[in-house]
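To start, the structure itself, in structure tokens.
Keep in mind that this is a model prediction, so the values were computed, not measured.
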Amino acid sequence: MNKNIRLLIVFSLAACVLHGALLFSPFTNYLFTSVVKVILFASFPLIYFRLVLREKFTSYIFIKGNARNIKLAFALGAAVFLFIWGVFWVIRAHIDNQLVVSALEANSITQSNFVFVFLYIVVINATLEQVFFRGFIFQTMDRMGRPGLAHCYSSVLFSLYHIPILFGAVTWEIMLLCTVGLIVAGLIFNLLAVKCKNLLGSIVVHVSANLALNLIVVYHLVVYGYGF
């Protein structure tokens, strides 16, 4: 493993660990943690490319794509949306509804800011994570001639990064299911980035998944009438 790849692992791990630590700190206001996340996930790749590779980061993510495959990504996004809702409908009896609400409250998500949070997660957060995990980690490692490591590391880190976010919101059984599912999702996102030759395909599918998950949260709040 060459020096550039080792430094890439250090930079990407540092960004994820710092974000995870913040979620367990007293500073859990959602707007604050979101701003810090944007700063971490934007600055660490830019610093890495500037100091280590001495290249423009944008050259790794803005590539002319394959229009036909991007159309397929939209179809896959619709399928993912339906799949997530199907799984939810099957396991909904095993979800602790109060845990969902408690997790919202712990992250300072209220009725007054829920619309902002909903839109942020669906659009901005999905794009930010794809640029970080697919553009920064996966595509960089792949171009360095380590496609196997790129697929494994980016997808596993993508899954582990979500553990602090999910912690306390779901049971351990659901957490394990989500961890495995997120690794598979990371691999699918990687394949989409390769197939579409840019990040648009993976962003479309990620937006679809986040939309489904956020609507599940809305379902809980409406059906169970929580005034969080």
Side-chain angles (χ1 to χ4, degrees), residues 12 15-16 19 34 37-38 41-42 45 57-58 60-92 117-143 147-166 169-170 174-219:
S12 56
C16 292
H19 178 259
S34 298
K37 177 179 175 178
V38 170
F41 278 30
F57 180 38
T58 52
Y60 276 61
I61 58 176
F62 297 113
I63 307 169
K64 186 176 181 180
N66 185 313
R68 181 175 179 274
N69 289 330
I70 290 174
K71 289 179 182 178
L72 290 176
F74 276 93
L76 179 59
V80 166
F81 181 92
L82 295 174
F83 174 76
I84 290 175
W85 265 91
V87 171
F88 163 68
W89 203 251
V90 171
I91 68 172
R92 70 188 189 282
V117 173
F118 184 97
L119 294 175
Y120 167 81
I121 292 176
V122 171
V123 181
I124 300 176
N125 187 66
T127 302
L128 181 66
E129 289 183 3
Q130 288 307 310
V131 170
F132 184 82
F133 289 99
R134 245 52 61 189
F136 174 43
I137 300 175
F138 172 71
Q139 290 190 348
T140 305
M141 283 187 172
D142 187 47
R143 288 194 181 188
L149 178 62
H151 279 289
C152 293
Y153 176 69
S154 62
S155 58
V156 170
L157 183 61
F158 176 71
S159 178
L160 295 179
Y161 145 81
H162 282 88
I163 289 180
I165 301 172
L166 295 171
V170 296
I174 300 299
M175 175 77 81
L176 180 60
L177 178 65
C178 288
T179 300
V180 175
L182 284 165
I183 292 176
V184 174
L187 291 171
I188 293 173
F189 289 143
N190 291 343
L191 293 174
L192 279 170
V194 173
K195 194 77 173 174
C196 296
K197 300 186 184 303
N198 63 19
L199 299 183
L200 183 57
S202 61
I203 289 173
V204 166
V205 176
H206 198 163
V207 166
S208 300
N210 281 4
L211 178 61
L213 293 170
N214 276 264
L215 287 177
I216 288 172
V217 174
V218 172
Y219 169 87

OG (Ser155) and CG (Leu160) are apart, to the nearest 0.5 Å, by 9.5 Å
Closest non-hydrogen atoms of Ala126 and His206, given as atom of the first, atom of the second and distance, are O-ND1, 3.5 Å
Below 6.0 angstrom between ring centroids: does that apply to Phe189 and Phe138? no
Checking Leu215, Val123, Val217 against Phe118 for side-chain contact (heavy atoms from CB on, under 4.5 Å), the one that qualifies is Leu215
In short, salt bridge (charged side-chain N to carboxylate O under 4.0 Å, His left out) pairs touching residues 174-192 with sequence neighbours left out are none
The reported gap from CG in Asn210 to CD1 in Ile124 (rounded to nearest 0.5 angstrom) is 12.0 Å
query: Parallel under 30°, tilted from 30 to 60°, perpendicular over 60°: which one fits the rings of His162 and Phe158?
result: perpendicular
Got a list of side-chain donor-acceptor pairs under 3.5 Å for residues 74-87, not counting sequence neighbours?
from	atom 1	to	atom 2	distance (Å)
Trp85	NE1	Ala212	O	3.4

| query | Are Val156 and Ser159 close enough, and set up right, to give a side chain to side chain contact (heavy atoms under 4.5 Å, CB included), and what steps lead you there? | reply | CA-CA 5 Å; Val156 170; Ser159 178; 5.7 Å; no
Shortest non-hydrogen pair, Gly201 vs Cys196, comes out as CA-SG, 3.9 Å
For Ala150 and Asp142 the tightest heavy-atom approach is CB-N, 3.8 Å
Requested in this report: Report yes if some heavy atom in the side chain of Leu192 is under 4.5 Å from a heavy atom in the side chain of Ile188; otherwise report no.
Outcome: yes
Leu157 and Ile137 have their tightest heavy-atom pair at CD2-CD1, 3.7 Å
>> Checking Gln139 against Leu199 for the side chain to side chain contact (heavy atoms under 4.5 Å, CB included) test, could you report, in this order, the C-alpha distance in whole Å, the side-chain angles of both residues, the deciding distance, and whether it holds?
In response: CA-CA 10 Å; Gln139 290 190 348; Leu199 299 183; 3.6 Å; yes
### Heavy-atom side-chain proximity of Phe136 to Val131 below 4.5 angstrom
no
Heavy-atom closest pair (Val122 atom, Leu211 atom, distance to 0.1 Å) is CG2-CA, 3.9 Å
Taken to the nearest 0.5 Å, the spacing of His19 NE2 from Phe132 CZ works out to 10.5 Å
(request) Please work out which of the three classes, parallel, tilted or perpendicular, describes the rings of Phe133 and Phe41, given edges at 30° and 60°. (result) perpendicular
Problem - Any side-chain heavy-atom pair of Ile203 and Arg134 under 4.5 Å - result: no
Closest non-hydrogen atoms of Leu187 and His151, given as atom of the first, atom of the second and distance, are CD2-O, 3.7 Å
Distance col, row Cys16:SG vs Ile163:CD1, nearest 0.5 angstrom, shows 11.5 Å
